[in-house]
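Positions are given from 1 along the sequence. We count ligands from 1, going down the list as the structure has it; atoms in each ligand are counted the same way.
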Amino acid sequence: MDSIRVQGLAPLQGKVKIQGSKNAALPILAASLLIEGQVLLENVPKISDVYGMIHILEELGCLVRWERELLRIDSREARLCSISKELAKSMRSSIFLLGPMLSRFHKVALEYPGGCVIGKRPIDLHLETLQRMGVQFIDENGQLSASAKELSPASLELPFPSVGATENVIMAAVKTEGQTNLRGAAKEPEVQALCRFLNACGASIQGIGSDSLRIQGVNCLHGAKFRIPADRIVAGTYLLAGFTCGGSIFLEDAPVNHMEAVCAVAQKMGAGLTVSENGIYAQFPERAGELPFLRTDTYPGFPTDLQSVLLAVRCTGKGKTLVQENIFENRFRIMEELKKMGACFHVVNEREVEVKGMPRLSGAEMEARELRGGAALVVAALGAKGESRISGRRFIDRGYENICRDLRELGARIVSE
Ligand code: EPZ
């Protein structure tokens, strides 16, 4: 089956090791197409989106091999060919292939990455910036076809710090002769990891971590060994989960330097945090304390990917919370499922929802329809009275290696079925 069963109210105790970051691994896998040599990646998360990206690389002729906990990629034999429809459709992150394939093959045909439950997910910023680098795009019977005789350096500015558009420009520019400047770049830790990986392979990217990147094109990128950073969203999910059922946990390898915003919110809600270089120890109050307002923002603001989990936590927190979602236009759908547990919401407008904290939720049958909303349902079920069953585990498996295993290690009564 494709569901998760939870017996609520077991306090969390113990420690769990945080997996590698999905949103760092995916662009780095795509960027391996640019590397003339062997890439050895450590800490690659074993999740379905990574398996999907590996299938795409293999379709392109890359040699990809798991060597226990290492992933070895050799793309020297890769050649231009079309990517199977179902694969490209199934994964929005296939859009990350635009930059590396244009740089390497000067041509690429891709299915338009679909929108999803959380929003239309347009790609206009990807297209506009790459066009400024000399790429022509045409719509070939519903497929996005792109070509560029020669990519040219450019001075670019993003009106919105799109993570994916920033990453595509970086991958298109690293081997394009001349200097490409990108202002208004995304600063997310996953963008920083991509830059660090490429620089480890001989690229020349400056301004990492800032909103202004300077990329000096190089002729060749050599192989390298690189460790994928821990996943700040998975760590944040488990950190926030503790508020629904109490207890104390240690999140081993949590990337504390990139979790300022979620740690600040956790402390505001009454968690006692002890941060060390190898993780976060958290002690939780009986009930999440007051949090009148929460807004999501681009990094280093509170991440949109933890908004649904925070919403679930606030369903039993003290007082009311106004949650403002500023990144995606449809990221409150999870309310409908949480209401089945007795949660109480007031929709202010498309971007704002007020949650009224109830003393306790009750277990219910619910359906996950996307990754982070699905994780939020699991978090809510941990703190609910009675049993919950969440269908659509496949969505959660796209980003969490094994949410049931991880939470069981922390003492939760949870099984996948
Ligand atoms: C990345 O998506 C992440 N995915 C998302 O994580 C994350 O929520 C998002 O960044 C924001 O941090 C991966 O890294 C694989 P954006 P991406 O381009 O690159 C609009 C998860 O759960 N936009 O920064 O698609 C867009 O509609 C996923 O792990 C345009 O208008 O995000 C959205 O409103 C969900 N035009 C906003 O910008 C464009 O050309 C943020 O998008 C591109 C984006």
At less than 4.0 angstrom from any non-hydrogen atom of [X], what atoms of ligand 1 do you find?
X      : result
Leu371 : 22 (O)
Ile327 : 33 (C), 34 (O), 37 (C), 41 (C)
Arg331 : 8 (O), 22 (O), 35 (C)
Phe328 : 8 (O), 33 (C), 34 (O)
Ile123 : 39 (C), 40 (O)

Which part of [X] is near ligand 1, with near meaning a heavy atom under 4.0 Å away: side chain, backbone, both or neither?
X      : value
Glu128 : neither
Leu125 : both
Asp49  : neither
Lys22  : side chain
His126 : both

Distance only, no hydrogens: is a donor on one side chain within 3.5 Å (strictly under) of an acceptor on the other, for [X] and [Y]?
X      : Y      : result
Asp139 : Tyr112 : yes
Ser276 : Asn278 : yes
Tyr400 : Asp406 : no

Exercise for review: Could you tell me if any non-hydrogen atom of Arg398 lies under 4.0 Å from any atom of ligand 1?
Suggested key: no

Check your understanding: Any donor and acceptor pair, going by atom type alone, linking the side chain of Asn181 with main-chain N or O of Arg214 inside 3.5 Å?
Key -> no

Check your understanding: Taking Thr129 for the side chain and Leu125 for the main chain, is one N or O donor matched with an acceptor at less than 3.5 Å?
Key -> yes

Please compare [options] and report which has the shortest non-hydrogen distance to [atom].
atom                    : options                      : result
atom 23 (N) of ligand 1 : Pro159, Ser21, Ser93, Pro122 : Pro122
atom 18 (O) of ligand 1 : Ala186, Gly399, Ser162       : Ser162
atom 37 (C) of ligand 1 : Phe160, Phe96, Phe395        : Phe160

**Study point:** Glu325, Gln324, Glu352, Gln307 screened by side-chain hydrogen bond (donor to acceptor under 3.5 Å, both in side chains) with Arg295, the one that passes
**Key:** Gln324

Among all protein non-hydrogen atoms, which one is nearest to [atom], and what is the separation to 0.1 Å?
atom                    : value
atom 17 (P) of ligand 1 : Arg121 NH2, 3.9 Å
atom 12 (O) of ligand 1 : Val163 CG2, 3.9 Å
atom 22 (O) of ligand 1 : Arg372 NE, 2.9 Å
atom 11 (C) of ligand 1 : Thr304 CG2, 4.0 Å
atom 6 (O) of ligand 1  : Asp305 OD2, 3.0 Å
atom 19 (O) of ligand 1 : Gly164 N, 2.8 Å
atom 15 (C) of ligand 1 : Asn23 OD1, 3.3 Å

**Study point:** Partner of Leu310 under side chain to side chain contact (heavy atoms under 4.5 Å, CB included), chosen from Val262, Thr296, Leu291, Val379
**Key:** Leu291

Count the heavy atoms of every other residue, nucleotide or ligand shown that sit under 6.0 Å from [atom1] of [X], and state whether that count exceeds 12.
X     : atom1 : value
Glu69 : CD    : no
Lys17 : NZ    : yes
Glu77 : CD    : no

Review point. Does an N or O from Asp124, backbone or side chain, lie closer than 3.5 Å to an N or O of ligand 1?
Key: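 Checking ligand 1 against Asp124, an N or O pair does fall under 3.5 Å apart.
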
Review point. So is there a nitrogen or oxygen of Glu167 less than 3.5 Å from a nitrogen or oxygen in ligand 1?
Key: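 Glu167 vs ligand 1: no N/O contact under 3.5 Å.
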
Check your understanding: Is Arg398 salt-bridged to Glu370, cutoff N-O under 4.0 Å?
Key ->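 Salt bridge flag = no for Glu370 with Arg398.
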
Review point. Is it true that Glu365 and Lys340 have a side-chain N and a carboxylate O under 4.0 angstrom from each other?
Key: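 Salt bridge absent between Glu365 and Lys340.
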
Review point. What do the steps show when you test Phe284 against Phe243 for ring pair (Phe, Tyr, Trp, His ring centres under 6.0 Å), and what is the final call?
Key: CA-CA 6 Å; Phe284 298 98; Phe243 283 102; 5.1 Å; yes

Check your understanding: Taking all atoms of both residues into account, what is the closest heavy-atom pair of Phe96 and Gly164, and its distance?
Key ->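 Smallest heavy-atom distance, with atoms named: CE2-CA, 3.6 Å.
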
